[in-house]
Structure formats: structure tokens, C-alpha cells
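This report concerns only the one structure given below.
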2 protein chains.
Amino acid sequence: MNSPQQKNWQSVHDEVLRRIHTREWKPGDQIPKEVELAEQLGCARATVNRALRELASEGFLDRRRKAGTRVAAHPVRRAKLDIPVIRLEIEGRGQKYAYGLLFSERRTPPPEICANLCVTADSDMLHITSLHLADGKPFMFEDRWVSVAATPAILEADLDEISANEWLVLHAPYTRGDIYFSAVNATEAEARILRTDPGTSLFLMERTTWENETGITSARLLFAPGYRKHSAI
Amino acid sequence: MNSPQQKNWQSVHDEVLRRIHTREWKPGDQIPKEVELAEQLGCARATVNRALRELASEGFLDRRRKAGTRVAAHPVRRAKLDIPVIRLEIEGRGQKYAYGLLFSERRTPPPEICANLCVTADSDMLHITSLHLADGKPFMFEDRWVSVAATPAILEADLDEISANEWLVLHAPYTRGDIYFSAVNATEAEARILRTDPGTSLFLMERTTWENETGITSARLLFAPGYRKHSAI
DNA sequence: AAAGATAATATGTGCGTACATATTATTTCT
DNA sequence: AGAAATAATATGTACGCACATATTATCTTT
């Protein structure tokens with residue numbers, strides 16, 4: 001009972017996914033080779049290839065040359081996480097965005113920043129702290145170090161008008177970055193800035209970005225109580 | 001000064017990315033059409049198409065039929081987040097995994113679970129709480145509701161031996177899911193289970209998964225202090 | 001001039017072929 | 001028997017062509 005002609009890769013994708021979901025093909029099972037599937041489904045190998053490639057990148061299949069394709073034994077699901085500019089995230093919630101520069105100083109970095117960005121202790125850096133507000137209420141506190149050597153133009157940026165977050169996105173593209181999510185108790189100072197109580201649990205995002213092997217910036221983004229980061233899978 | 005022959009889509013991908021990074025093509029700019037790029041780079045349109053499609057899915061480009069391709073104005077970077085089975089996450093850190101079922105009861109769900117999964121208040125559900133340990137220390141506390149109607153086989157699972165987390169991954173594939181990350185202060189009970197102090201800031205992951213329109217399971221995963229979730233971009 | 005029909009166009013995708021590449025299986029050699 | 005060379009094979013990808021589709025631009029019609 002061959003399935004009716006599946007002429008596009010989407011339908012092949014869905015059909016294969018259906019067989020995985022119905023456990024016709026179980027985790028660890030080897031599935032038919034591309035040419036067989038193509039014949040079975042009445043389409044070209046290229047079409048099957050496209051569908052299977054997509055499914056592999058989604059984590060449903062493991063593929064290896066010569067060894068063939070099998071259903072992923074331990075489906076490591078890959079959630080997609082959008083990392084927008086803070087302004088857009090707030091405006092996307094239908095709230096009014098505001099921003100205030102708290103502090104900006106050109107100086108040498110503390111040890112933990114050196115370690116993060118792999119820079120020397122005498123590097124020329126810009127240290128910026130700022131507060132992002134949603135509907136007038138503190139939303140996120142940003143504590144950022146930017147390498148002046150890697151991004152000299154940052155010195156000309158008017159950081160009272162545009163946040164370092166947004167300026168960097170527009171002017172300093174990066175090739176890779178790390179993000180860490182965690183939870184911390186608010187310190188006295190942090191609580192004061194975010195207008196909450198010391199000890200309150202806060203969502204923390206730590207980001208470091210790189211242009212090839214050059215560290216660009218390292219930021220500590222501390223969100224006001226109640227913040228939830230969503231992701232779909 | 002055309003670039004030397006770029007015969008594979010990876011090199012086209014990298015070359016386009018280079019032009020974006022060097023701001024030869026700036027955010028918002030329209031880039032040459034596929035046929036032009038193909039000619040310029042000395043390869044087939046299909047090859048360019050593959051590269052640009054990839055770049056669009058990575059968030060660097062916006063593409064629309066007839067309108068052409070342009071550099072994304074607000075590069076919403078998409079971080080990829082791996083959601084493995086807890087056991088593999090712990091073993092991946094080189095730690096010894098252990099697991100204990102705390103509690104298991106078949107009953108009707110409380111209102112918040114009904115809302116999450118879109119089920120009625122008289123649904124047949126399984127409520128499971130368990131503790132995952134790394135090197136003998138509490139690592140994550142799992143509080144999960146599973147729909148018996150959607151996954152009757154769960155009743156036969158030996159949840160003392162295999163965690164609901166892992167059983168579900170292997171036996172109840174889902175079509176979509178939501179994940180929320182946040183930070184909460186430990187309650188008395190949670191602090192006792194995770195062997196920490198009440199009020200300690202804890203990283204919380206709330207997951208709900210669906211098979212088509214049927215809610216499968218909703219889980220609240222509370223991590224021990226110090227946990228950081230990593231993601232690359 | 002506004003509305004609706006029509007043409008033009010860039011991307012989206014399918015197909016068949018050819019060859020590349022990684023990996024496994026087999027054979028040959030010592 | 002064990003190691004090394006060789007063959008076989010499934011996926012990976014490049015190419016050229018054709019046509020589909022969405023969207024914009026243009027031309028009619030009223």
C-alpha cells in the first residue's frame with residue numbers, strides 16, 4: 001500500500017515524520033535508503049534527500065554516508081530561541097520601550113571579563129551599564145563590556161540615544177556567541193535598580209560574542225522579576 | 001574582481017556572510033538576484049539558492065518572491081538550544097546519573113494544568129514527581145502531569161526504573177511543544193527536596209508538549225542552585 | 001482616478017544525471 | 001591471523017532545465 005504520489009519534499013517530510021510518530025519506524029531503526037523511498041513515494045531522490053536532510057537537522061534522524069539513515073535513538077530536540085533586540089522584544093509585547101544609560105566608562109577590564117573574552121588585563125574597553133524599561137517599569141538591567149580595539153566606532157556612538165545592545169547589533173556583526181541562562185538572587189544594588197527586594201529571584205542571561213577569534217563584547221542581562229523566556233520546539 | 005570560482009554552497013554561504021559582516025551589504029540592502037550571484041561566483045543558481053536559503057533560515061537574510069533578497073534589517077539571531085534527556089545532560093558533564101521516583105498518583109488535574117494542556121477538569125491523568133541526581137547530589141526536581149488518554153502505555157511503564165522524562169521521549173513523540181524559562185525563589189518544600197535554603201534562586205523550565213492538538217504532558221523542571229543552561233549562536 | 005485584469009519577475013521547487021566523499025565490506029598480501 | 005589495499009555503497013552535492021507561485025508593476029476599463 002504505497003502512499004499516493006508525494007511530489008513535494010514537504011509531504012515526504014510529513015510522511016516520514018508520520019511513520020516515526022506512529023512508531024512504524026522506531027528509534028534506532030534503519031529506514032529505507034533514499035532511492036527506495038523515492039521509488040516508494042513516487043518522487044525523485046533529490047526530493048527525498050531534501051526532506052530527510054531537513055528531518056536530520058530537526059534532530060529526528062541520524063544520517064551517515066554508506067551507513068544509511070536511522071531514526072534518532074535519543075531525540076535531542078532542538079528548540080529555536082529567538083534573540084531579538086530588547087527594544088523589539090518589549091515592543092512586541094505591545095509595551096512602550098524606554099532606555100536609560102546609567103554609567104559609561106573607558107577602562108581596563110576586571111579578571112572575569114578578561115577570561116570571558118580572552119583579552120589581556122590592560123585591554124582598552126568600554127564599560128556600560130544601562131536600564132531598559134517597559135511601560136515605564138524596569139525591565140532589564142544591562143551590564144556590558146565592549147572591546148574598543150575590536151569596535152572603535154563604539155566611542156562615537158551616542159549611547160544616551162541608542163542602547164549598546166542595539167548599536168552593536170547594527171554595527172558589529174559577530175560570527176559566533178555564547179549564551180548562558182541562569183537564576184540569581186538580587187543583590188542590594190540590583191534590587192534597587194530593578195525596583196524589587198534584595199534576594200528576589202532574577203532571570204540572568206550572559207552573552208559573549210566573537211568576530212572570528214576576537215572577543216567583541218560580554219554582557220550580563222538581568223531581567224526584572226516575572227520575566228519568562230519562551231521557546232518553541 | 002570577481003571572487004574565484006565558488007563551486008560549493010558552503011563557500012557561497014561564507015562569501016555572502018563575509019559581505020554582510022564587512023558591511024559591503026548593509027542591513028536592509030537588497031542583494032543581487034540569484035542568477036546574478038551565480039554568474040558572479042561561477043556556480044549554478046541551485047547552489048546559490050541553497051546557500052541563501054540557509055542564510056535566511058539562520059536569520060541573516062529576508063527573502064521574498066519577486067521582491068528579492070535583502071540583508072535582515074534587525075538580525076534576530078536564532079540560538080539553537082539542545083533539549084536532551086536529563087540523564088544524557090548529566091552524563092555529558094561526566095557525572096553519575098541517578099533518579100528517584102518521589103510520588104505517583106492517578107487523578108484529575110488542577111486548574112493550571114487543564115489550562116496548559118487544554119484538557120477538561122475530569123481528565124484521567126498521572127501526576128508524577130521525581131528527583132534527578134548528579135553524582136549523588138540533587139540536580140533537578142521534576143513535577144509532571146501526563147494525559148493517560150493520550151498515552152495509556154504510561155500506566156505500564158516502570159517509573160521506578162526509568163524516568164517519565166525519558167520514557168516519554170522514547171514512547172510518546174510529540175509534534176510540538178512550548179518551553180518557558182524563568183527564575184523562582186525556592187519554597188520550603190522545594191528547598192528541602194533540592195537540599196538548599198528557602199528563597200534560593202532556582203532556574204525553572206516549564207515544558208508542555210502536544211501530539212497534533214492533543215496535550216500529552218506538562219512538566220515543571222526545577223534545577224538545583226548554580227545550574228546554567230548553555231546555548232550557542 | 002480608482003478598480004480590476006494582466007504581464008513581468010524573483011524566488012521556490014522538482015527532476016535526472018553525474019560525480020564526490022565518507023564509511024563499510026571484501027579481498028589481497030604478509 | 002592480522003594488516004593493508006581495494007571495492008562497494010549510501011549519502012552529499014553540483015548542474016541545467018522546467019515549471020510553480022507569490023508578489024509587484026503595468027495596462028485596461030469604468
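Scope of the values below: all heavy atoms of this structure, side chains included, with no hydrogens, waters or symmetry mates.
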Mutual orientation of the aromatic rings belonging to [X] and [Y] [parallel < 30°, tilted 30-60°, perpendicular > 60°]:
X: A/Y227; Y: A/F203; answer: tilted
X: B/H132; Y: B/Y99; answer: tilted
X: B/H230; Y: A/Y180; answer: tilted

Distance test, side-chain N/O of B/T47 to OP1/OP2 of D/dT13, below 4.0 Å: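 Answer no for this pair, as no side-chain N or O of B/T47 is under 4.0 Å from OP1 or OP2.
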
Let me know the distance between [atom1] of [X] and [atom2] of [N], rounded to the nearest Å.
X: B/L41; N: D/dA14; atom1: CG; atom2: P; answer: 13 Å
X: A/Q10; N: D/dT21; atom1: CD; atom2: P; answer: 13 Å
X: A/D62; N: D/dT11; atom1: CG; atom2: P; answer: 13 Å
X: A/E54; N: D/dT11; atom1: CD; atom2: P; answer: 17 Å
X: B/H13; N: D/dT13; atom1: NE2; atom2: P; answer: 13 Å

Criterion salt bridge (charged side-chain N to carboxylate O under 4.0 Å, His left out) on B/R53 and B/E34, from CA distance to verdict: CA-CA 11 Å; B/R53 176 154 40 84; B/E34 292 187 350; over 6 Å; no

Using the 3.5 Å cut-off, write out each protein N or O paired with an N or O of nucleotides 9-12 of chain C and the distance between them.
{"unit_1": "C/dT9", "atom_1": "O4'", "unit_2": "B/K66", "atom_2": "NZ", "d": "3.1"}
{"unit_1": "C/dA10", "atom_1": "OP1", "unit_2": "B/K33", "atom_2": "NZ", "d": "2.6"}
{"unit_1": "C/dA10", "atom_1": "OP2", "unit_2": "B/K33", "atom_2": "NZ", "d": "3.1"}
{"unit_1": "C/dA10", "atom_1": "O4'", "unit_2": "B/K66", "atom_2": "O", "d": "3.4"}
{"unit_1": "C/dA10", "atom_1": "N3", "unit_2": "B/K66", "atom_2": "N", "d": "3.3"}
{"unit_1": "C/dT11", "atom_1": "OP1", "unit_2": "B/T69", "atom_2": "OG1", "d": "3.2"}
{"unit_1": "C/dT11", "atom_1": "OP2", "unit_2": "B/E34", "atom_2": "N", "d": "2.9"}
{"unit_1": "C/dG12", "atom_1": "OP2", "unit_2": "B/R63", "atom_2": "NH1", "d": "2.4"}
{"unit_1": "C/dG12", "atom_1": "O4'", "unit_2": "B/R65", "atom_2": "NE", "d": "3.1"}
{"unit_1": "C/dG12", "atom_1": "O4'", "unit_2": "B/R65", "atom_2": "NH2", "d": "2.8"}
{"unit_1": "C/dG12", "atom_1": "O6", "unit_2": "B/R45", "atom_2": "NH2", "d": "2.8"}

Ion pair check, B/R87 and B/E166, cut-off under 4.0 Å: yes

Basic-acidic side-chain contact under 4.0 Å: B/E206, A/R228: yes

